[in-house]
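Mind having a look at this structure? Questions to follow.
The figures that follow rest on heavy atoms only: side chains count, while hydrogens, waters and symmetry mates do not. All chains are named by letter (A, B, ...) in the order of the sequence lines, taking the proteins before the strands, and each is independently numbered beginning at 1. Since this is a predicted model, take the numbers as computed values, not measurements.
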Amino acid sequence: MVDVKFIRQNVDLVKNALQNRGSSIDLATLMDLDDRRRAIIQKAEELKAQRNQFSLRIARAKGEGGDLEQEKSEMRRISDEIKALDGQIREVETAIEAFVLEIPNIPHESVPVGRDSSDNPVVRTWGAKPQFSFAPKDHWDIGENLGILDFKRAAKITGARFTVSWGAGSRLERSLISFMLDVHTRDHGCTEVWTPFMVNRDSMTATGQLPKFEEELFKTDDYFLIPTAEVPVTNLYRDETLPEEDLPIKLVSYTPCFRREAGSYGKDTRGLIRQHQFNKVELVRFAHPERSFTDLEELTAEAENILRKLNLHYRVVTLCTADLGFSSAKTYDLEVWMPAQGVFREISSCSNFLDFQARRGQIRYKSKQGKKTELCHTLNGSGLAVGRTVAAILENYQLEDGTVRVPDALKPYMGLDLIGPIG
RNA sequence: GGAGAGAUGGCCGAGUGGACGAAGGCGUUCGCCUGCUAAGCGAAUGUAGGGCCAAAAGCUCUACCGAGGGUUCGAAUCCCUCUCUCUCCGCCA
């Protein structure tokens with residue numbers, strides 16, 4: 001959530017930022033509401049101050065047994081007026097809140113202005129494309145041929161965009177989760193957390209999934225299924241004040257993720273790339289505002305480190321203004337090389353949300369001297385999306401006979417050097 | 001699912017209609033004192049919003065005792081609804 005006070009003082013800047021994002025929100029409506037709000041507050045508070053004084057006088061006079069009927073009826077009038085004004089204030093504030101919750105974050109000044117994903121500049125590229133003496137197969141063909149991926153039965157027991165993994169495939173999924181968690185906790189100093197996979201409406205609102213993207217979420221009568229661990233993990237400290245010296249707080253969490261993928265019909269219909277349920281290891285940071293961009297670089301490097309250890313060719317792009325997620329001020333996408341299609345595919349998204357989520361969720365910090373309580377900055381990034389990592393490994397490590405080599409880093413976890421056919 | 005108890009400041013805990021933003025204690029911070037430490041003494045110590053101010057500082061007003069509504073001139077205190085927590089019973093991986 002962008003601060004209304006900030007918007008008021010920087011209307012043109014915000015207007016411009018929204019335009020760069022391709023958003024057509026009319027700020028004039030908001031400014032009118034805010035003007036009205038302050039006018040009513042002023043009136044109401046004046047009356048309240050009056051009421052308090054009357055109240056005091058009545059209390060004092062009570063002992064002396066004076067006739068206070070006149071004061072009382074006057075007070076009744078004031079009280080009624082206050083009640084009416086308070087109702088109006090509530091109304092206006094509800095409207096303002098609803099409005100502001102729909103405003104996306106303001107892109108950081110270092111974010112390039114662009115029209116779509118083709119305007120995302122490449123920051124760096126790591127590794128090299130693997131060379132094949134044969135035509136590399138798609139990961140879904142490799143997986144189905146080996147018997148480790150089973151899309152048909154997943155469709156039978158649930159539906160489209162779900163996957164069953166068998167044997168080494170299942171083990172690969174589990175190995176990757178363990179491997180990633182181990183690297184992030186052991187080498188990067190993150191604390192591992194295990195959270196609920198369903199959350200309430202307040203949590204979804206704090207991180208920015210709600211109110212705007214409800215159609216993207218699966219839900220039960222009572223709760224929402226998390227689309228990413230970002231939601232439960234960031235909300236760990238909702239409505240809390242953290243000690244300044246604890247920042248940055250570095251967390252890592254494995255969770256399954258559930259997404260409706262509404263509006264993506266016909267996109268990535270085969271394979272592991274776009275699923276309704278997938279596994280992800282997520283990095284989350286609560287940062288000091290003064291160094292959150294350093295944190296973003298560090299967090300991105302931590303995610304990259306997984307790809308490097310797996311020896312997967314990838315590149316880093318900066319999302320331009322048009323491609324930036326709703327809550328983010330700056331995002332780096334890590335894109336892994338997929339040899340079968342000959343393209344780079346997103347495998348991690350690392351973002352700095354500044355105080356956007358912290359304001360929605362009231363996540364704050366305070367110095368030991370207790371000077372001031374201020375909003376934290378929050379960040380997160382996939383470290384990594386597990387399903388897509390499986391896809392990348394199958395494609396990049398495939399051999400001509402249809403088997404798949406196990407990356408060195410995973411051998412201790414897999415207890416195998418080669419994934420062969422199940423049978 | 002059934003029965004009961006509860007929700008007050010960073011924490012503990014008092015407060016059943018009027019000077020209560022809220023006693024007392026603990027904690028924390030600053031100062032004093034003391035060979036050092038501990039103890040002791042003194043002071044400070046919530047959040048949000050509005051106004052004044054170019055702004056900060058500061059001053060001032062308002063709100064907040066789980067949430068919302070009601071009664072009343074006046075509500076932490078009385079009434080209603082909701083949420084959450086705890087205890088016991090039942091069921092269950």
Side-chain angles (χ1 to χ4, degrees), chain A residues 1-11 13 30-101 194 196-206 210 220-224 232 235-247 249 256 286 289 355 358-376:
Chain A
M1 189 159 68
V2 181
D3 190 6
V4 179
K5 212 183 275 175
F6 178 87
I7 298 176
R8 200 165 66 213
Q9 290 163 357
N10 303 275
V11 185
L13 186 155
L30 177 64
M31 293 299 97
D32 287 349
L33 283 170
D34 191 51
D35 288 344
R36 239 190 98 210
R37 172 179 150 267
R38 280 179 301 151
I40 303 169
I41 283 177
Q42 240 180 95
K43 214 154 128 198
E45 290 192 344
E46 210 173 288
L47 290 175
K48 283 177 186 174
Q50 227 178 93
R51 179 180 67 183
N52 288 343
Q53 283 180 2
F54 263 109
S55 213
L56 249 180
R57 209 178 310 158
I58 291 171
R60 285 213 187 95
K62 200 180 168 189
E64 295 148 28
D67 177 18
L68 299 164
E69 270 320 303
Q70 204 179 330
E71 273 88 344
K72 284 187 184 175
S73 71
E74 170 72 2
M75 282 283 283
R76 238 184 304 262
R77 198 185 56 74
I78 292 177
S79 278
D80 285 349
E81 206 172 329
I82 289 172
K83 204 174 287 179
L85 289 172
D86 275 347
Q88 286 179 41
I89 291 169
R90 230 186 345 268
E91 241 169 72
V92 176
E93 284 184 339
T94 304
I96 289 174
E97 173 89 353
F99 195 104
V100 175
L101 283 174
W194 184 269
F197 301 153
M198 295 185 185
V199 299
N200 57 32
R201 188 167 279 274
D202 285 346
S203 293
M204 284 293 189
T205 304
L210 293 179
T220 67
D221 286 347
D222 301 306
Y223 302 119
F224 294 89
N235 275 280
L236 284 171
Y237 294 125
R238 172 154 56 82
D239 295 322
E240 292 193 31
T241 303
L242 302 163
E244 183 176 29
E245 61 271 24
D246 286 0
L247 302 178
I249 294 173
F286 299 86
D355 60 12
R359 181 170 295 106
R360 288 171 163 241
Q362 287 301 299
I363 305 165
R364 300 179 296 173
Y365 72 91
K366 191 178 196 171
S367 64
K368 189 120 188 166
Q369 284 73 16
K371 252 318 189 203
K372 242 191 207 156
T373 307
E374 300 196 79
L375 294 169
C376 291

Flag side-chain contact, heavy atom, 4.5 Å: A/I41 against A/E93: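 When only atoms from C-beta onward are counted, A/E93 and A/I41 do touch, with a gap below 4.5 Å.
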Integer angstrom distance from the P of B/C26 to that of B/G40: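 The answer is 8 Å between these two P atoms.
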Touch class at under 4.0 angstrom, heavy-atom based, for A/T241 against every strand present: nothing
Sugar-phosphate, base or nothing in reach of A/K43, heavy atoms under 4.0 Å: nothing
B/A48 pairs with, by Watson-Crick or G-U criteria that keep both distances under 3.5 Å: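 The answer is B/U62, by the H-bond criterion.
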Span that lies between the P atom of B/A23 and that of B/G15, in whole angstrom: 14 Å
Assigned partner base of B/G10, Watson-Crick or wobble definition, under 3.5 Å: B/C26
G-U wobble or Watson-Crick pairing nucleotide for B/C86 (cut-off 3.5 Å, both distances): B/G4
Short side-chain N/O contact to B/U71 OP1/OP2 from A/K83, under 4.0 Å: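 So the side-chain polar atoms of A/K83 do come within 4.0 Å of the phosphate oxygens OP1 or OP2 of B/U71, strictly under.
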d(CD1, A/I363; C1', B/A48) in whole Å: 18 Å
Atom pair CG (A/D239) and CZ (A/R364), whose distance is rounded to the nearest 0.5 Å: 8.5 Å
A/Q42 side-chain proximity, nearest of B/G51, B/U71, B/U47: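 So the nucleotide nearest the side chain must be B/G51.
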Minimum-distance nucleotide (side-chain atoms of A/R76 versus B/U71, B/C73, B/G50): B/C73
Shortest non-hydrogen separation from A/G361 to A/A206 and the atoms involved: CA-CB, 3.8 Å
Mate of B/C53 where both pairing distances stay under 3.5 Å, Watson-Crick or G-U: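 Here B/C53 is not engaged in any pair, so there is no nucleotide opposite it.
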Residue closer to the 5' end of RNA chain B, A/Q362 versus A/R38 (nearest nucleotide):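 Mapping each residue to its closest nucleotide by heavy atoms, the 5'-most match is A/Q362.
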Gap in Å between the two P atoms, one belonging to B/U8 and one to B/A63, rounded: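 So the two P atoms sit 22 Å from each other.
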Atom pair distance, as rounded to whole Å: CZ in A/R359 and P in B/U47: 17 Å
Gap between atoms NZ and C1', on A/K48 and B/G49 respectively (whole Å):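 Between C1' of B/G49 and NZ of A/K48: 10 Å.
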Nucleotide of B/A63, B/G18, B/G70 approaching A/S55 most closely (side-chain heavy atoms): B/G18
Base-pairing assignment for B/A38 (Watson-Crick or G-U wobble, both under 3.5 Å): none
Nearest-angstrom distance from the residue atom NZ of A/K5 to C1' of B/A48: 10 Å
Partner nucleotide of B/C73 by Watson-Crick or wobble geometry (both distances under 3.5 Å):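 Paired with B/C73, as far as the under-3.5 Å criterion goes, is B/G18.
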Value in whole Å for how far the C1' atom of B/U72 lies from CZ of A/F54: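 In whole Å, B/U72 C1' and A/F54 CZ are 16 Å from each other.
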Exam field: side chain A/D355 to backbone A/L375, donor-acceptor pair closer than 3.5 Å: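 Judged by distance alone, no pair lies under 3.5 Å.
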Nearest to side-chain heavy atoms of A/R51, which nucleotide of B/G50, B/A63, B/U47: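 For A/R51, the side-chain atoms sit closest to B/A63.
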Whole-Å C1' distance, B/C20 and B/U77: 11 Å
Proximal nucleotide (of B/G70, B/G50, B/A63) relative to the A/R37 side chain: B/G50
Residue A/M75, side-chain heavy atoms: nucleotide from B/C73, B/U47, B/G50 that is nearest: B/C73
Side chain of A/R8 (C-beta onward), nearest among B/C61, B/G46, B/G50: B/G50
Inter-nucleotide P distance (B/U83, B/C11), Å rounded: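 Pairwise P distance, B/U83 against B/C11, rounds to 25 Å.
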Nearest-angstrom distance, P atom, B/A48 to B/A56: 15 Å
Lys NZ or Arg CZ of A/R51 over A/F54 ring: under 6.0 Å, within 45°: no
Nucleotide B/A75, atom C1' - distance to CD1 of A/I58 in whole Å: 15 Å
Nearest-Å distance once atom P is located in both B/C89 and B/C80: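 Rounded to whole Å, the distance is 30 Å.
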Interatomic distance, A/E93 CD vs B/A48 P [rounded to whole Å]: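 Rounded to the whole Å, the gap is 15 Å.
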Residue A/K366, side-chain heavy atoms: nucleotide from B/U47, B/C73, B/A63 that is nearest: B/U47
Atom C1', compared across B/C64 and B/A22: separation rounded to whole Å: 12 Å
A/N52 side chain, from C-beta outward: closest of B/U47, B/U62, B/G51: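 My answer, after comparing the listed nucleotides, is B/U62.
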B/U47 phosphate, OP1 or OP2, under 4.0 Å from A/T373 side-chain N/O: yes
Presence of donor-acceptor pair under 3.5 Å, side chain of A/E45 and base of B/G51: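 Side chain to base: no pair below 3.5 Å.
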A/D34 and its side-chain contact (heavy atoms from CB on, under 4.5 Å) partner, picked from A/I96, A/I7, A/V92: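 For A/D34, the side-chain contact (heavy atoms from CB on, under 4.5 Å) test succeeds with only one of A/I96, A/I7, A/V92, which is A/I96.
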Candidates B/G69, B/G49, B/A63 - which lies nearest the side chain of A/I41: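 Of the candidates, B/G49 comes closest.
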Whole-Å distance separating the CD atom of A/E46 from the P atom of B/U60: 18 Å
A/Y223, OH atom: more than 12 neighbouring heavy atoms under 6.0 Å: no
Separation of A/R36 CZ from A/R38 CZ (nearest 0.5 Å):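 One finds 13.5 Å between CZ of A/R38 and CZ of A/R36.
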Counterpart base for B/C92, defined by Watson-Crick or G-U wobble contacts under 3.5 Å: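 B/C92 is paired with nothing.
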Position toward the 5' end of RNA chain B (nearest nucleotide), A/A49 or A/R364: A/R364
